[in-house]
**Student:** 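Submitted below is the structure of interest, expressed as structure tokens.
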Number of protein chains: 2
Amino acid sequence: MKKPLPTPPTATLQTHLGYWLRLVSNQVSAGFARGLQARELSVAEWVALKQIEGASAVTPAQVAAATGMTRGAISKVLDKLEERRWLARSLSISDNRVQHLALTARARHALPELTAIANQNDEHFFHVLDGAEQALLRGLLQKLAAAHHLHTVPVD
Amino acid sequence: MKKPLPTPPTATLQTHLGYWLRLVSNQVSAGFARGLQARELSVAEWVALKQIEGASAVTPAQVAAATGMTRGAISKVLDKLEERRWLARSLSISDNRVQHLALTARARHALPELTAIANQNDEHFFHVLDGAEQALLRGLLQKLAAAHHLHTVPVD
DNA sequence: TATTGTTATACTCTATAACTATA
DNA sequence: TATAGTTATAGAGTATAACAATA
């Protein structure tokens with residue numbers, strides 16, 4: 001004889017793809033955040049470092065635009081990096097309102113270890129997928145990103 | 001002639017699968033959070049509602065365990081739901097330390113609309129994938145969740 | 001002693017908006 | 001007037017740990 005069920009919901013949380021995406025993504029991000037935390041770095045700080053390293057964003061306003069954060073929030077992130085002597089701010093010659101951002105040698109020295117943390121975290125979570133599956137997942141996510149015009153770099 | 005590149009980084013942010021996962025997941029979650037916000041509900045509150053609806057968790061401690069939040073955090077989430085008259089707390093007959101949680105009729109009346117918000121959000125983000133692609137994505141994410149023993153319900 | 005749930009406190013992250021200095 | 005960057009303030013969300021009641 002069956003045990004009576006509590007009123008079954010119309011749909012469970014697990015029905016939604018967004019649920020699975022969030023479940024896995026949160027774990028990957030939390031793992032990465034823990035890895036960075038051992039080096040006293042936040043994900044937002046890591047992203048800013050990489051933006052400046054790649055020179056895809058060399059002013060605070062550009063970092064803000066690239067990440068979708070406000071200029072106020074970026075200002076604090078850059079403060080942290082500068083306190084740590086990983087970032088040098090200098091005024092633009094042509095416009096004294098504008099700053100140019102550059103990584104210090106100390107930052108460039110630390111980057112390989114941070115990159116290793118990122119690599120290891122990715123490896124740890126995705127190694128259970130073979131190469132073809134990883135390529136498939138990447139393709140699907142990139143298709144979604146492209147379709148929704150996602151340009152900004154996620155920092156949380 | 002090629003334009004000289006700025007010092008190329010060892011690996012870009014986009015190298016990592018975690019990057020793409022976070023990029024897409026954050027957008028889906030943010031979209032859902034906006035949808036719920038129009039009904040003055042947080043994602044954590046929505047998850048708690050669904051946990052109680054499904055009766056997979058009927059005490060605060062069980063909701064805490066299911067979501068990975070602390071009992072202190074859950075207590076506040078439940079306060080919000082109770083203030084709204086969506087939740088009834090009652091003491092267990094057999095153990096006066098324990099509470100039993102139940103949704104009110106008011107909550108059950110509101111659930112279909114909230115579920116519609118969740119459905120629409122999922123539909124909005126994933127409709128660019130066809131049925132086969134969605135199944136593929138779901139399968140890959142579930143494989144990752146299973147491999148890493150992810151049981152808790154993500155609330156942020 | 002151990003457990004359930006609550007509460008006081010603090011911390012992190014971020015947005016908003018006022019502010020300064022330049023242009 | 002408009003823009004770059006900073007700062008003051010506030011809010012959301014959550015953890016930690018002390019707490020009261022109960023077992």
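Only a predicted model underlies this, so the values are computations on that prediction, with no experimental measurement involved. All heavy atoms count here, side chains included; hydrogens, waters and symmetry mates do not. We name chains A, B, ... by the order of the sequence lines, and we start the count at 1 in each one.
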**Student:** So which one's nearest nucleotide on DNA chain C is more toward 5', A:Gly68 or A:Ile93?
**Tutor:** A:Gly68
**Student:** Would you kindly give the CD1-to-P distance between B:Ile74 and D:dT16, to the nearest whole Å?
**Tutor:** 14 Å
**Student:** The side chain of A:Lys80 lies closest to which of these nucleotides: C:dC13, C:dT22, D:dA21?
**Tutor:** C:dC13
**Student:** For B:Arg34 and D:dA12, what is the distance between atoms CZ and P respectively, to the nearest whole Å?
**Tutor:** 18 Å
**Student:** Which is it for B:Glu133 and A:Lys143 under the salt bridge (charged side-chain N to carboxylate O under 4.0 Å, His left out) test, yes or no, and what are the steps along the way?
**Tutor:** CA-CA 11 Å; B:Glu133 288 173 323; A:Lys143 184 170 181 176; 2.9 Å; yes
**Student:** Of the nucleotides D:dA4, D:dT22, C:dT14, which one has an atom closest to the side chain of B:Asn96?
**Tutor:** D:dT22
**Student:** Within the structure, does a side-chain N or O atom of A:Thr70 lie under 4.0 Å from either OP1 or OP2 of C:dA15?
**Tutor:** yes
**Student:** Using whole Å, report how far CG of A:Asp156 lies from C1' of D:dG13.
**Tutor:** 13 Å
**Student:** Measure from the side chain of A:Arg71, starting at C-beta and using heavy atoms only, and say which of C:dC13, D:dT6, C:dA15 lies closest.
**Tutor:** D:dT6
**Student:** Could you tell me whether the side chain of B:His100 and the main chain of B:Leu91 form a donor-acceptor pair under 3.5 Å?
**Tutor:** no
**Student:** Atom CD of B:Gln37 to atom P of D:dG11: distance rounded to whole Å?
**Tutor:** 15 Å
**Student:** Using whole Å, what does the distance between atom P of nucleotide C:dG5 and atom CG of B:Asp79 come to?
**Tutor:** 13 Å
**Student:** Looking only at the side chains, is there a donor atom on one of B:Asn119 and A:His16 sitting less than 3.5 Å from an acceptor on the other?
**Tutor:** yes
**Student:** Side chain of A:Pro60 only, please: which of D:dG5, D:dT7, D:dT14 is the nearest?
**Tutor:** D:dG5
**Student:** What is the distance, to the nearest angstrom, from the CG atom on A:Asp95 to the C1' atom on D:dA2?
**Tutor:** 12 Å
**Student:** C:dT22, D:dG5, D:dT6: which one has an atom nearest the side-chain heavy atoms of A:Arg89?
**Tutor:** D:dT6
**Student:** Of the options D:dA23, C:dT14, D:dA15, whose atoms approach the side-chain atoms of B:Ala73 most closely?
**Tutor:** D:dA15
**Student:** What's the closest nucleotide to the A:Lys76 side chain, out of C:dA15, D:dT14, D:dT22?
**Tutor:** C:dA15
**Student:** Less than 4.0 angstrom from a charged side-chain N to a carboxylate O is my criterion; do B:Asp79 and B:Arg84 meet it?
**Tutor:** no
**Student:** Check the distance between D:dT22's P and B:Gln99's CD and give it to me in whole angstrom.
**Tutor:** 12 Å
**Student:** Could you check how far CD of B:Glu45 sits from P of D:dG13, rounded to whole Å?
**Tutor:** 7 Å
**Student:** Tell me whether B:Gln120 contacts the main-chain N or O of B:Ile117 through its side chain, where contact means a donor paired with an acceptor under 3.5 Å.
**Tutor:** no
**Student:** When you measure from the side chain of A:Arg97, which nucleotide among D:dA23, C:dT16, C:dA23 comes out closest?
**Tutor:** C:dA23
**Student:** C:dT22, C:dC13, C:dT16: which one has an atom nearest the side-chain heavy atoms of A:Ser42?
**Tutor:** C:dC13
